[in-house]
Amino acid sequence: MTAANRVSSPHILFLKQFLDRPGMVGSVIPTSQTTIRALLDPIDWREVRCVVEYGPGTGVFTREILRRIGPDARLIAIDTSERFIRYLRASIADPRLECVHGSAADIEAILAARGIAQADHVISGLPFSTLPRPVAHAIMDATHRAIRPGGAFLIYQYSRFVLPFLAARFARVERARAWRCVPPACLFWAWKQADAPLKAASCDADLAAE
Ligand SMILES: C[S@@+](CC[C@H](N)C(=O)[O-])C[C@H]1O[C@@H](n2cnc3c(N)ncnc32)[C@H](O)[C@@H]1O
């Protein structure tokens with residue numbers, strides 16, 4: 001029996017991890033499909049060579065990113081929870097995916113160890129508002145350095161807490177709210193260059209620009 005089979009449901013694993021470490025997991029349920037689509041749709045995934053995901057949890061974003069990226073692209077998923085990483089390794093068999101047990105703060109070392117200078121985009125499910133403030137700043141700084149010019153830091157949260165962190169570092173921050181999700185999600189696309197284009201107006205209809 002694989003580790004994935006021993007876990008009866010990803011939802012139960014998620015809840016258990018939340019009860020063990022509420023401040024690091026930050027939510028009792030995985031993100032909804034509506035939020036996932038709303039955050040990912042504006043990016044042209046066919047152009048991506050390397051994308052990094054912070055806090056994949058049970059892999060709801062991971063699976064959708066793998067569905068969108070090309071056959072030669074790489075997805076590096078980093079989580080501080082060893083149980084989530086074990087679950088992902090056991091439940092997703094895809095040579096483009098590498099699951100790393102570690103902290104998002106170490107993104108530069110994680111990329112360098114794989115011979116990658118910078119990522120095209122980074123997507124984050126980290127609960128920034130409940131992380132220790134120095135850790136949140138360290139992750140923001142390292143992420144800005146690790147994204148290539150023209151790339152973006154994609155974030156989904158349940159509040160606007162991250163907005164000043166992003167505005168202090170990135171050239172342009174776009175945001176929207178997915179109202180039809182439970183709970184409604186705040187979405188952010190922080191671009192390293194001011195003129196980086198969003199894929200033409202492809203946001204879901206339920207997204208209200210803020
Ligand atoms: C709100 S959950 C998001 C899970 C999943 N992406 C989703 O959308 O359902 C936050 C995740 O961030 C992880 N995490 C917290 N701090 C982290 C850090 N410093 N580096 C990497 N992962 C971290 C937690 O273990 C958890 O898996």
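In each ligand, atom 1 is the first atom listed, and ligand 1 is the first ligand listed.
Using a cut-off of 4.0 Å between Lys/Arg side-chain N and Asp/Glu carboxylate O, Asp120 and Arg148 are scored as salt-bridged.
A distance of 13.5 Å separates CH2 of Trp191 from CZ of Phe153, quoted to the nearest 0.5 Å. To the nearest 0.5 Å, the span separating CG on Asp94 from CD1 on Ile65 amounts to 11.5 Å. One finds the CG atom of Leu154 at 4.5 Å from the CG atom of Leu39 (value rounded to the nearest 0.5 Å).
No heavy atom of Tyr54 sits closer than 4.0 Å to any atom of ligand 1. Ligand 1 lies less than 4.0 angstrom from a heavy atom belonging to Pro56.
Here's the thing with Ala104: one of its N/O atoms is less than 3.5 angstrom from an N/O atom of ligand 1. Looking at ligand 1, you'll find an N or O of Tyr156 within less than 3.5 Å of one of its N or O atoms.
Residue Val60 approaches ligand 1 through these ligand atoms, each under 4.0 Å from one of its heavy atoms: 7 (C), 8 (O), 9 (O). Of all the atoms in ligand 1, the ones that sit under 4.0 Å from a non-hydrogen atom of Ser103 are 19 (N), 20 (N). Within the listing of ligand 1, atoms 25 (O) sit less than 4.0 angstrom from a heavy atom of Ser81. Proximity to Ile78 (heavy-atom distance under 4.0 Å) selects the following atoms of ligand 1: 21 (C), 22 (N). With ligand atoms numbered from 1 in the order given, ligand 1 contributes 8 (O) to contacts under 4.0 Å with heavy atoms of Phe61. Near Gly125, the atoms of ligand 1 lying under 4.0 angstrom from a non-hydrogen atom of the residue are 1 (C), 2 (S), 3 (C), 10 (C). Within ligand 1, counting atoms from 1 as listed, the ones closer than 4.0 Å to a heavy atom of Gly55 are 3 (C), 4 (C), 5 (C), 6 (N), 11 (C), 12 (O), 13 (C), 22 (N).
Residue-level proximity to ligand 1 for Arg21 is carried by the side chain, the only part with a heavy atom below 4.0 angstrom. When heavy-atom distances to ligand 1 are checked against a 4.0 Å cut-off, Thr31 comes that close through both its backbone and its side chain.
The aromatic rings of Phe170 and His144 sit perpendicular, their planes meeting at an angle over 60°, well past the 30° parallel limit.
A donor-acceptor pair shorter than 3.5 Å cannot be found between the side chains of Arg89 and His101.
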Open item on the list: Could you go through Arg83 and Tyr87, starting from their C-alpha distance and side-chain angles, then the distance that decides it, and tell me whether this counts as side chain to side chain contact (heavy atoms under 4.5 Å, CB included)?
Closed with: CA-CA 6 Å; Arg83 289 194 66 190; Tyr87 175 83; over 6 Å; no
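In this structure, Pro149 and Gln118 approach most closely via the heavy-atom pair CD-OE1, 3.6 Å.
The list of salt bridge (charged side-chain N to carboxylate O under 4.0 Å, His left out) pairs with a residue in residues 101-112, not counting sequence neighbours, reads Glu108-Arg145.
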